[in-house]
2 protein chains.
Amino acid sequence: MTNDGTTAGAASKADGSATGSGDIARSLELLWGTGERPSRGPKPGLTLDRIVTAAVAVADAEGLAAVSMRRLSTELGTGTMSLYRYVPGKSELLDLMFDRVLGEPFADHPGEPPADWREAVDRMARGHLDTLRRHPWLLKINQARTVLGPSALRGLELALTGLRGMGLRDPELIGVIVAVNSFVEGLARTQADAAEAVAQTGLSDEAFWDHQHPFLERAMLSGAYPMMAGMAEDTFSSEFDHFEFGLERLIAGFDALVREREASRT
Amino acid sequence: MTNDGTTAGAASKADGSATGSGDIARSLELLWGTGERPSRGPKPGLTLDRIVTAAVAVADAEGLAAVSMRRLSTELGTGTMSLYRYVPGKSELLDLMFDRVLGEPFADHPGEPPADWREAVDRMARGHLDTLRRHPWLLKINQARTVLGPSALRGLELALTGLRGMGLRDPELIGVIVAVNSFVEGLARTQADAAEAVAQTGLSDEAFWDHQHPFLERAMLSGAYPMMAGMAEDTFSSEFDHFEFGLERLIAGFDALVREREASRT
DNA sequence: CATGAACTGGGTACACCGTACCCGATTATG
DNA sequence: CATAATCGGGTACGGTGTACCCAGTTCATG
C-alpha cells in the first residue's frame with residue numbers, strides 16, 4: 001500500500017500555473033521522510049535533497065518560472081525523466097521547496113525568546129517578510145494545500161509560544177497570526193511584483209512613472225479626481241514605510257483587544 | 001512612432017508565469033483608449049472590448065490558466081494570431097483584464113457616501129474582498145506594473161474621499177489603504193488557493209485533513225510541539241471569521257492613531 | 001477609375017513546458 | 001545463476017506564447 005504513487009494521477013490535468021499539491025499522500029511521505037530504501041535495485045545516483053536544493057537555488061536566482069524539470073536535470077547533470085524517480089511531479093516538488101525554505105528563519109534566532117507578545121508579533125512579521133524577500137517565489141505557490149511539514153509546524157509552535165501572553169482565546173491567537181501574515185504577504189507581493197517587473201522589462205520604476213505621467217496629468221486636469229489632484233507632493237514618496245505603518249497599526253489594534261479583555265477580567 | 005509595437009520585444013523572454021506589463025506605452029494607450037481607427041485597411045472584425053470580455057469570462061469560469069491565446073481565439077471564432085492585431089501580447093491583455101474588473105465595485109454603491117471613515121474602511125475592505133472572490137485570478141496578475149487605468153484611479157479617489165475625515169497626513173492615508181488592501185489580499189489568496197486546490201485535486205478540505213491527520217498525530221505525540229498539542233479543539237475551526245477579526249483589529253489600530261492626533265491637536 | 005499603400009486575418013513554425021510510456025542497465029534476493 | 005525490482009533516461013504527445021510571412025480587403029490618391 002505504500003508505493004503505488006506513479007499510477008494515480010487522478011484529475012490533475014490541465015494545470016500550467018504554479019500550484020503545489022498533487023498527490024498528497026506522497027508529498028507527506030516525502031516531507032516527513034519515510035525514506036526506507038528498497039533493497040533490490042541499483043543505488044540511486046541522486047537524492048531528493050539535492051533536487052530540492054537545486055530547485056530552490058534556481059528559483060532564488062531566476063524566479064519560479066525558471067524552475068522546469070528540464071532545467072533542473074541539466075543543473076544536476078542527469079536526464080530529465082530521472083527526476084521523476086524521486087518526485088511524483090512538479091507539484092510535489094513545489095511543496096518540498098516550500099517546506100525547505102520555511103525552515104530557515106528559525107535557525108537565525110536561537111537566542112532569547114521575545115520579552116513581550118508585542119515583540120513576538122514584531123519578530124513574526126519581520127521574519128516572515130524577510131523570508132518572502134529572500135524567496136519571492138513563495139508567493140506564487142499554492143499554500144492552501146501545502147502540506148504541514150516539520151518546518152511549518154515549528155514556525156506555528158514558535159509563534160504561538162510568543163503570543164500566549166496576550167490572554168486571548170486560542171482561535172483568536174490564530175487570528176492574530178493570520179492577520180499579520182496576510183498583511184505581510186500582501187505587502188511582500190507588491191514588492192516582489194515590482195522587483196519582477198523591473199527585472200522583466202528592464203525598466204526602472206522612475207522610467208515607468210515617467211511613461212505614465214502624461215496620462216495621469218491629463219486625468220488630474222480632467223477634474224474627475226479632485227481628491228487625488230489635491231494631494232501633497234510627498235504622498236506617493238518611497239520615504240514612507242508602509243510596512244512599519246501597517247504593523248504598528250495592527251499591534252495597536254491587538255493591544256486594544258488585549259486591554260479590553262484585561263479590563264473585563266477584573 | 002505610434003505603431004511599431006511588434007518588433008520591440010526587448011528583454012521579455014523566458015516568462016511563462018502570470019505577469020502583466022509588457023509594452024507599457026502600448027498598454028497605456030489601450031487603457032485610456034487613444035483609439036483612432038486608421039482609415040486605410042479593412043474594418044476590424046473584432047474589438048478589444050470583446051477580447052477582454054471573453055478573457056475575463058474564461059478566467060472567471062476556469063481560472064487564469066485556461067486563458068490562452070488559442071482558447072480565446074476559438075472562443076471568439078477567429079484565428080489565434082488575429083488577436084495580436086488588437087493586443088501586443090498576453091501581458092498587455094492581462095493589464096486590460098485587470099483594469100476591466102477593478103471598475104466593477106463602483107457601479108454597485110451609487111448611493112450614499114460612507115458616514116464615517118470607519119465605515120469607509122469597512123466598505124473598502126469588503127469591496128476589495130468581494131472583487132477578489134469574484135475574480136480570484138486577480139491575485140495572480142502582477143499588479144506592480146499594472147498601469148493605473150481609469151478604474152484604478154476611480155477606486156483610489158473614492159477611497160481617499162472616505163478617509164479624509166481621519167485627519168491624517170496624506171502619505172498616512174495611503175498607508176491605511178495599503179494596509180487594508182494588503183491584509184485583504186493576503187487573506188483572499190489563502191481562500192482562493194484553497195478553492196483552487198479543491199477544484200484541481202477533487203479532494204475536499206476534510207479529506208485533505210484526514211490524509212494529514214496521522215502525520216500530525218505523530219508530530220503532536222513527539223513532544224516537539226507542546227503549545228500546539230495543548231490547543232483547544234475549536235482552534236482551527238472554520239467558525240472563526242479571520243476576516244472580521246483582522247479588519248476589526250486594523251480599524252481599532254487606526255482609531256488609536258486618530259485619537260492620538262486629535263488629542264495632540266488640542 | 002485604376003493603382004497601390006495600408007491594413008486585417010490567419011496559417012505555419014519554433015522553442016519551450018510537464019510528463020506518460022517504455023526499455024536497457026544495475027543490483028540484491030531466492 | 002536466474003529473477004524480480006529498481007534506476008536512468010530517450011522518445012513522444014499535447015499544450016503554451018508568439019515571430020514571421022502571405023493573402024485578401026479597403027480606401028486615398030494619381
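The model shown is predicted, which means the values in this text are computed figures rather than measured ones. Chain identifiers are assigned alphabetically (A, B, ...) following the order of the sequence lines, protein sequences preceding nucleic acid strands; residue numbering begins at 1 within each chain.
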Non-hydrogen atoms of Ala219(A) and Ser222(A) that approach each other most closely: O-OG, 2.5 Å

Below 4.0 Å: OP1/OP2 of dG9(C) and any side-chain N or O of Thr78(B): no

Donor-acceptor under 3.5 Å (Ser151(A) side chain, Arg100(A) main chain): no

Net bend of the helix from dC1(C)-dG30(D) to dG30(C)-dC1(D), end axes of five pairs each, nearest 10 degrees: 20°

Student check: side-chain heavy atoms of Tyr86(A) and Thr47(A) closer than 4.5 Å: no

Residues Arg126(A) and Asp130(A) bridged, charged N to O under 4.0 Å: no

Separation of dG18(C) C1' from Leu94(A) CG (nearest whole Å): 12 Å

Contacts of His242(A) that satisfy side-chain hydrogen bond (donor to acceptor under 3.5 Å, both in side chains) - sequence neighbours left out: none

Residues in salt bridge (Lys or Arg N to Asp or Glu O under 4.0 Å) contact with Asp210(A), at least two apart in sequence or another chain: none

Nearest non-hydrogen partners of Asp99(B) and Ala152(B), listed with the distance: OD1-N, 3.5 Å

Find every protein N or O atom lying less than 3.5 Å from an N or O atom of nucleotides 21-26 of chain D, and list the pairs.
| from | atom 1 | to | atom 2 | distance (Å) |
| --- | --- | --- | --- | --- |
| dT26(D) | O2 | Arg40(B) | O | 3.0 |

Atom-pair distance (CD on Glu92(A); P on dG18(C)), nearest Å: 13 Å

Length of the OH-C1' vector between Tyr86(B) and dT8(C), whole Å: 7 Å

Contact check, side chains of Glu185(A) and Leu139(A), non-hydrogen atoms, under 4.5 Å: yes

Sugar-phosphate, base or nothing in reach of Thr80(A), heavy atoms under 4.0 Å: base

With Leu83(B), the side-chain contact (heavy atoms from CB on, under 4.5 Å) member among Leu46(B), Leu48(B), Leu93(B): Leu46(B)

Whole-Å distance separating the CG atom of Leu83(B) from the P atom of dT8(C): 13 Å

Set out, line by line, the N/O atom pairs under 3.5 Å between protein and nucleotides 12-17 of chain D.
| from | atom 1 | to | atom 2 | distance (Å) |
| --- | --- | --- | --- | --- |
| dT16(D) | OP1 | Ser68(B) | OG | 3.0 |
| dG17(D) | OP1 | Met69(B) | N | 3.4 |
| dG17(D) | OP1 | Lys90(B) | NZ | 3.0 |
| dG17(D) | OP2 | Met69(B) | N | 3.0 |
| dG17(D) | N7 | Arg70(B) | NH1 | 2.7 |
| dG17(D) | O6 | Arg70(B) | NH2 | 3.0 |

Partners passing ring-ring contact (aromatic ring centres under 6.0 Å, His included) against His135(A) (at least two apart in sequence or in another chain): Trp137(A)

Side-chain (Glu157(B)) to main-chain (Met228(A)) donor-acceptor, under 3.5 angstrom: yes

Ser82(A) side-chain N/O to dG8(D) phosphate OP1/OP2 under 4.0 Å: no

